[in-house]
There are 2 protein chains.
Amino acid sequence: MKSNHITLKDIARILELSPSTVSRALKDHPDINEETKRLVKTFAKKVNYRPNALALSLRRQKTNTIGLIIPEIVHHFFSSVISGIEDLAYGEGYNVMICQSNENYQREVIDTQALVDHRVDGILVSVSKTTKDFTHLKRAHENGIPMVFFDRVCEDITTDRVITDDFKGAHIATSHLIERGCSNILHLAAPQHLIIGSQRAEGYKQALKDNNLSVKEEFLIKCDTREYVFSLKDHLLKLIKEQNIDGIFAVNDSTAIAAMQVLQAAGYDIPRQIKVVGFGDGPNAEIAYPPLTTVEQKGYETGREAMRLLLHRLENPDLGIDYSTKVFTPTLKLRQST
Amino acid sequence: MKSNHITLKDIARILELSPSTVSRALKDHPDINEETKRLVKTFAKKVNYRPNALALSLRRQKTNTIGLIIPEIVHHFFSSVISGIEDLAYGEGYNVMICQSNENYQREVIDTQALVDHRVDGILVSVSKTTKDFTHLKRAHENGIPMVFFDRVCEDITTDRVITDDFKGAHIATSHLIERGCSNILHLAAPQHLIIGSQRAEGYKQALKDNNLSVKEEFLIKCDTREYVFSLKDHLLKLIKEQNIDGIFAVNDSTAIAAMQVLQAAGYDIPRQIKVVGFGDGPNAEIAYPPLTTVEQKGYETGREAMRLLLHRLENPDLGIDYSTKVFTPTLKLRQST
DNA sequence: GTGAAAGCGCTAACAA
DNA sequence: TTGTTAGCGCTTTCAC
């Protein structure tokens, strides 16, 4: 029972026809005899013939495959993005080659390489947290591979982009805390070299300024994972107590939820004593106790739009440098943590 | 700036050498002049030459790609499986082509087709909930493509398998509830045509019998998603009240957590009045209120082991029908919901 | 030490 | 209406 894929040539030999006739018969070429067509098609179906996609791609110089480089599939936002991409891609006859960089620069470089090697028709990418050098992506782009960045973009490469208005999202979240009466607001932030990190921090700062609250650098803490929260626990609790913190805006939901758990364990009542807002609105937000008020980020739509832009470019190869940026404006999802 | 991948032939032409010489030079063939080698290699590096993986695969009759068919990436268990698979695959020079069936039979058929078309060297698969006909997989398997089932297996196809001892896991969970004093235990179950569904139900029943508790069919409710819980809310609350339910064993964590939320909203105290156990131990379990006692299922290890079995088979094509089944025995993760 | 030629599976221009 | 040929990018046998 070894690998025995039947080829077009096999069919030709058995049916005593030429490969080209078989090829044409299978794709209903007008000047093939109806009789022959029927013969070929029936036989092909019977032996379950499937054309070799590799050979096709090589021939056509088109793989009908698009590459996706994504930081971590476990995050709900990213897995929603994948669904958005796939749903559109499938409908258009494209396959998606998913690579998980695991937030690891080295892996991202290898992934890019692999996609280029496989001659994908285009690449969708959200860069890893640890990526600071973009030559691997630049090279692929200069090589002529259409590329669309989503969520975590690289500003050095001019191309299509799909982003969330992180500044606005953070501004909304922080303003909401202020409206609810908070005046000493902590921000648990992502690394500032990531645009989403700095934009969310800027939105937070601007909201404070707009409400005549002072911006204190020590209120902006680099801490963007659940684990990070637990490792900074003592520092956070000390700061919260000494500075009378009454609101926290975290750069993502799991950080926000971990913060709530640490605070509750220390005896704080949420939202009475401290109010918390997250960012993302994954399923965790509903499960958290209390359910988390958070900024709703549209993963599925982001993926879909990124794929749409890429398809548009693939179908119009002469678009040139007419790049577009799609911005999703997030909204606040009110729950009981504020 | 159009697609301009440089080929081996291009290099040969520019360097005024034959393609074969360039090919050999690049792979350090012994009888190529050192001088020539240096020349070729330097030039190849300079122009960033990358061999076309498609051409290579076609030539070698091996793609070094394995296909993965997975129900839903959003579930933590499955995304962990992916990581386990990828980590091993990468190390061995394999790429993974991930297809998400979305629990949809039609999609699973198309995915299988696509993987066969791409001539993947092997397939790892966990079947969708809605799949009842397995001909698509059978055909691929009979075509000689090595296949490993994980978690949700198909019993009709004899091949390598990686599974969790679902019976045991359910038995442990239910016994734990009984030990904690529960005597009227509900089971929120997965569809019974899925082996994991029936095995977990059987484990639940057996635990009841082993403890001289009666098995009531109306205590076994088909309900395996968060949404399902909310739609059955009234029925569940009625049943719980009328039958004095004091324990719930749910087939997965999100169902368990949703049940806790419904119960709490109805005024029940967990774990005092009703104790709840889940299955899976994803990150939700820690976030839930109260944190969820659950059966720990090893996603990463499952993926890794499935990939290991597949690699073993790829490297030993003459293994024949010497199939193996790896069973992971789950353990109980104690938290505050029981 | 290097090159010519054939072939992996497929298609399409050109011939018949 | 069907067949022949060449070629997509690569490797490898055989010849020189």
Side-chain angles (χ1 to χ4, degrees), chain A residues 2-41 43-44 47-65 114 116-121 143-144, chain B residues 2-41 43-44 47-65 114 116-121 143-144:
Chain A
K2 42 193 297 244
S3 185
N4 54 350
H5 295 283
I6 189 155
T7 74
L8 216 158
K9 237 169 146 178
D10 293 334
I11 299 185
R13 193 168 23 74
I14 296 167
L15 260 35
E16 301 190 305
L17 287 167
S18 80
S20 25
T21 305
V22 176
S23 168
R24 284 184 279 230
L26 287 173
K27 43 188 26 140
D28 255 335
H29 191 104
D31 42 62
I32 294 290
N33 190 325
E34 280 304 326
E35 190 65 16
T36 317
K37 276 190 197 171
R38 216 181 335 271
L39 176 71
V40 172
K41 283 182 183 174
F43 187 75
V47 297
N48 193 29
Y49 167 73
R50 296 253 85 215
N52 183 323
L54 274 58
L56 276 178
S57 299
L58 192 60
R59 179 79 239 266
R60 292 209 232 278
Q61 295 290 81
K62 181 155 190 328
T63 51
N64 266 49
T65 298
V116 172
D117 290 355
H118 279 88
R119 301 297 188 263
V120 292
D121 296 335
N143 248 350
Chain B
K2 42 192 299 244
S3 185
N4 54 352
H5 296 283
I6 191 157
T7 74
L8 217 161
K9 236 169 146 180
D10 292 334
I11 299 185
R13 193 166 26 71
I14 296 167
L15 260 37
E16 302 190 304
L17 287 167
S18 79
S20 21
T21 306
V22 176
S23 169
R24 284 186 276 234
L26 287 173
K27 44 188 25 143
D28 257 335
H29 192 103
D31 44 62
I32 294 291
N33 190 323
E34 280 304 326
E35 190 66 15
T36 317
K37 277 189 195 170
R38 215 181 335 272
L39 176 71
V40 172
K41 284 184 181 171
F43 186 75
V47 299
N48 193 30
Y49 168 73
R50 298 251 85 213
N52 184 322
L54 272 58
L56 276 177
S57 299
L58 192 59
R59 179 79 239 266
R60 293 209 230 280
Q61 295 291 79
K62 181 156 192 325
T63 52
N64 264 49
T65 298
V116 172
D117 290 356
H118 279 88
R119 301 297 189 265
V120 293
D121 297 335
N143 246 349

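Quick note on labels: first sequence line is chain A, next is B, and so on, each numbered from 1.
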DNA chain D contacts among residues 15-23 of chain A, heavy-atom distance under 4.0 Å: Leu17(A), Ser18(A), Ser20(A), Thr21(A)
With DNA chain D as reference, determine whether Tyr49(B) or His29(B) sits nearer its 5' end, using the nearest nucleotide of each. Tyr49(B)
side-chain contact (heavy atoms from CB on, under 4.5 Å) involving [X] - partner list, sequence neighbours excluded:
X: Ile6(A); value: Asp10(A), Ile11(A), Val47(A), Tyr49(A)
X: Ser57(A); value: Thr63(A), Leu54(B)
X: Ala114(B); value: Asn95(A)

Take Asn33(B) and Pro51(A), find for each the nucleotide of DNA chain C with the closest heavy atom, and name the residue whose nucleotide sits nearer the 5' end. Asn33(B)
Can you list the residues that meet the side chain to side chain donor-acceptor pair (under 3.5 Å) rule with Thr21(B), with sequence neighbours excluded? Ser18(B)
Who are the salt bridge (Lys or Arg N to Asp or Glu O under 4.0 Å) partners of [X], not counting sequence neighbours?
X: Lys62(B); value: Asp121(B)
X: Arg24(A); value: none
X: Glu16(B); value: none
X: Asp28(B); value: Lys37(B), Lys41(B)

Within-4.5 Å side-chain heavy-atom neighbours: [X] and [Y]:
X: Asn33(B); Y: Leu39(B); answer: no
X: Ile32(A); Y: Val40(A); answer: no
X: His118(A); Y: Thr65(B); answer: yes

How bent is the helix from dG1(C)-dC16(D) to dA16(C)-dT1(D), comparing axes over its five end pairs at each side, to the nearest 10°? 60°
Please assess Thr7(B) against Asn52(B) for the test side-chain contact (heavy atoms from CB on, under 4.5 Å), listing each intermediate value before the final yes or no. CA-CA 8 Å; Thr7(B) 74; Asn52(B) 184 322; over 6 Å; no
Boundaries of the chain A footprint along DNA chain D (any atom under 4.0 Å from a heavy atom): dT1(D) to dG9(D)
Please determine which of Thr36(A), Leu17(A), Ile14(A) meets the side chain to side chain contact (heavy atoms under 4.5 Å, CB included) test together with Val22(A). Leu17(A)
Identify the 5'-most and 3'-most nucleotides of DNA chain C with at least one atom closer than 4.0 Å to a non-hydrogen atom of chain B. dG1(C) to dG9(C)
Describe the nucleic acid contact of [X] in one word from base, sugar-phosphate, nothing, applying a heavy-atom distance below 4.0 Å.
X: Asp31(B); result: base
X: Arg24(A); result: base
X: Thr36(B); result: sugar-phosphate

